[in-house]
Protein chains: 2
Amino acid sequence: MSWRKEQRRAERGYHHGNLKEALLQAALGLIAEKGAAGFTFADAARMAGVSAAAPYRHFRDRDELLSSIAQRGFEQFESRLAAAWDDGRPDTVTAFERVGKAYLAFAREEPAFYNAMFESGVPVDANPALQAASESAFNIIRAAAERLAALTPPGTPRPPAMMMALHIWSMAHGVASLFSRGDAARRKLPMSPDELLEAEVLIYLRGLGFPTDRRPAGKSAEPPPVPPEASSGSGVPPGGPWGKPK
Amino acid sequence: MSWRKEQRRAERGYHHGNLKEALLQAALGLIAEKGAAGFTFADAARMAGVSAAAPYRHFRDRDELLSSIAQRGFEQFESRLAAAWDDGRPDTVTAFERVGKAYLAFAREEPAFYNAMFESGVPVDANPALQAASESAFNIIRAAAERLAALTPPGTPRPPAMMMALHIWSMAHGVASLFSRGDAARRKLPMSPDELLEAEVLIYLRGLGFPTDRRPAGKSAEPPPVPPEASSGSGVPPGGPWGKPK
DNA sequence: CAGCTCATGTAAAGGTCGTTCACATGAGCT
DNA sequence: AGCTCATGTGAACGACCTTTACATGAGCTG
């Protein structure tokens with residue numbers, strides 16, 4: 001009958017010892033499998049080998065567990081974006097695009113976190129810690145935009161950095177949501193989500209007056225480590241950001 | 001005891017007469033209130049005044065109801081986008097921006113549909129009719145992008161229309177998801193979602209070489225009804241798409 | 001109009017969940 | 001050794017989803 005359960009109990013004793021962490025891990029796995037909507041408090045408890053009531057000793061309710069995961073997600077998100085930004089090295093534009101790629105990579109590689117953060121319906125502003133984590137992550141993008149805005153070529157009006165940050169965020173989030181996750185990824189596209197976002201950002205930056213005449217997928221060494229003082233938007237780059245127009 | 005129920009029954013007889021439609025309407029209202037995740041099959045049945053089992057005569061399960069709503073949503077979405085596009089009148093760029101606004105307006109004014117379409121976790125590719133409706137809606141954007149791509153100023157490489165369409169879609173979806181709905185709308189922004197998206201699209205179009213020297217919110221009559229043959233990207237428009245940089 | 005049929009609705013029941021409550025256990029401190 | 005309190009258990013409640021056997025009556029057939 002309750003053979004497994006008894007054995008589990010024998011293995012770990014009456015007290016689990018690290019149930020909170022075990023529940024978070026279990027939930028993460030379940031969300032990755034079935035989405036935040038399909039994830040079940042009871043399932044997480046089962047997976048941790050405890051009764052259905054045990055989780056209530058560590059989380060007020062199911063939403064609080066979800067909220068905790070979202071918060072953790074934002075923290076990891078921030079650290080990945082920060083690593084990608086690398087304080088603007090080797091040059092601002094390159095680093096900026098790396099942030100965009102990191103955004104997509106996170107959405108792809110951490111579907112459970114991404115789901116909890118953006119698709120689970122968790123009200124971000126209800127939990128101050130969660131809200132703070134969310135803002136910290138966004139601040140990476142904001143800081144990057146700030147630096148980028150400071151580089152606008154002379155003669156070009158300087159865009160508000162906040163606006164740029166919001167624009168970039170919306171592009172990354174839009175691409176990730178629509179094309180880079182779960183079923184949505186199955187839409188047949190003429191290019192990969194990464195390429196799509198990279199082209200989008202490059203075109204956008206060019207619209208702001210930035211010289212963006214690098215090859216998108218080119219692996220050649222950084223041609224100019226010092227981007228400022230490049231030619232102002234006089235002509236059109238040889239190849240569009242979408243590769244050979246053939 | 002079951003006073004209300006008996007009375008209801010007396011009013012409408014044993015057979016409802018139009019239960020399927022009533023369920024769809026009830027579900028729409030419930031989703032608008034509590035989101036697709038919180039919406040309940042039983043609740044919809046109650047609201048229609050029938051037993052909890054009755055809906056199963058019209059929908060295989062809860063997911064099929066949700067899927068039907070999503071499909072209906074895509075159909076209305078398509079017609080609103082089509083009306084906004086108006087076949088490119090009075091000029092392509094103006095009409096294009098109107099489509100972007102229509103996207104946001106739909107997300108704002110039809111939260112229930114938008115939720116079912118993009119946030120309910122309904123697998124779009126599982127239902128052929130739903131998939132077709134979704135593609136029809138996207139095709140409006142695609143067609144608009146096609147026309148816009150054909151207008152690229154001479155000397156500018158012509159971007160693939162499909163890519164443009166995907167870019168625009170991702171921007172609109174990103175802005176709508178992040179800033180224009182529910183709790184997300186509470187984030188304090190320096191500008192409205194509409195303005196944010198409009199500026200984003202304008203900058204993007206300028207990045208493609210389009211002349212976009214119109215005032216964003218300006219209501220002045222269309223200066224040039226014939227956009228082609230405008231100056232190639234020689235200079236920078238007087239005021240940025242984000243208004244006075246003051 | 002009588003009678004039949006079948007789409008449509010009902011009640012009841014089984015299974016799962018979220019959540020609460022009274023009670024059990026045992027780790028750590030005194 | 002004994003106490004305490006955080007942590008876990010089992011039972012129970014109500015809500016939901018879904019299936020099943022049965023009830024109703026609208027519309028057709030003769």
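Here is the naming used below: chain letters follow the sequence lines, and residue numbers restart at 1 for every chain. Being a predicted model, the structure only gives us computed values, none of them experimental.
- Counting any heavy atom pair closer than 4.0 Å across all strands shown, Tyr56(A) reaches a base atom.
- Using a cut-off of 4.0 Å between Lys/Arg side-chain N and Asp/Glu carboxylate O, Arg80(B) and Glu109(B) are scored as salt-bridged.
- As a whole-Å value, the separation of Arg60(B) CZ from dT8(C) C1' is 19 Å.
- Ion pair Arg98(B)/Glu198(B) not flagged as a salt bridge, since none of the NZ, NE, NH1 or NH2 atoms sits closer than 4.0 Å to an Asp/Glu carboxylate oxygen.
- Taking the side chain of Ala52(B) as heavy atoms from C-beta on, and the options dA11(C), dC17(C), dT18(D), the nearest nucleotide is dT18(D).
- Rounded to an integer number of Å, the gap from CZ of Phe59(B) to P of dT8(C) is 12 Å.
- The pair Arg72(B)-Glu78(B) does not count as a salt bridge, with every side-chain nitrogen at least 4.0 angstrom from each carboxylate oxygen.
- Ring geometry for Phe39(A) against Phe41(A) counts as perpendicular: the plane angle is over 60°, on a 0 to 90° scale with 30° as the lower cut.
- Pair assignment for dT19(C): dA12(D), on the basis of Watson-Crick or G-U wobble contacts that are both within less than 3.5 Å.
- Across all strands shown, Arg62(B) has heavy atoms under 4.0 Å from sugar-phosphate atoms exclusively, and none from any base.
- Computed from coordinates, the Asp61(B) CG to dC17(D) C1' distance equals 9 Å when rounded to whole Å.
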**Prompt:** What do the steps show when you test Tyr103(B) against Phe77(B) for ring-ring contact (aromatic ring centres under 6.0 Å, His included), and what is the final call?
**Reply:** CA-CA 8 Å; Tyr103(B) 196 115; Phe77(B) 193 43; 5.0 Å; yes
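- Residues Asp43(A) and Ala54(B) each lie close to DNA chain C; by heavy-atom proximity, the contact nearer the 5' end of the strand is made by Ala54(B).
- Atom CG of Leu19(B) and atom C1' of dT24(D) are 15 Å apart (whole Å).
- Between dG8(D) and His58(A), a contact under 4.0 Å exists linking OP1 or OP2 to a side-chain N or O.
- Atom CZ in Arg46(A) sits roughly 8 Å away from atom C1' in dT16(C) (whole-Å rounding).
- The side chain of Phe41(B) sits closest to dT18(D) out of dT10(C), dT9(D), dT18(D).
- Between dC6(C) and Arg57(B), no contact under 4.0 Å exists linking OP1 or OP2 to a side-chain N or O.
- Using a 4.0 Å heavy-atom criterion, one finds that Ala42(B) contacts the sugar-phosphate atoms exclusively.
- For the pair Leu23(A) CG and dT7(D) C1', the interatomic distance rounds to 12 Å; values are reported in whole Å.
- Under the Watson-Crick or G-U wobble criterion, with both distances below 3.5 Å, dT30(C) is paired with dA1(D).
- Atom pair Leu65(B):CG and dC16(D):C1' shows a separation of 15 Å (rounding to whole Å applied).
- Phosphate proximity of dA15(D) to Thr40(B): absent, as no side-chain N or O sits under 4.0 Å from OP1 or OP2.
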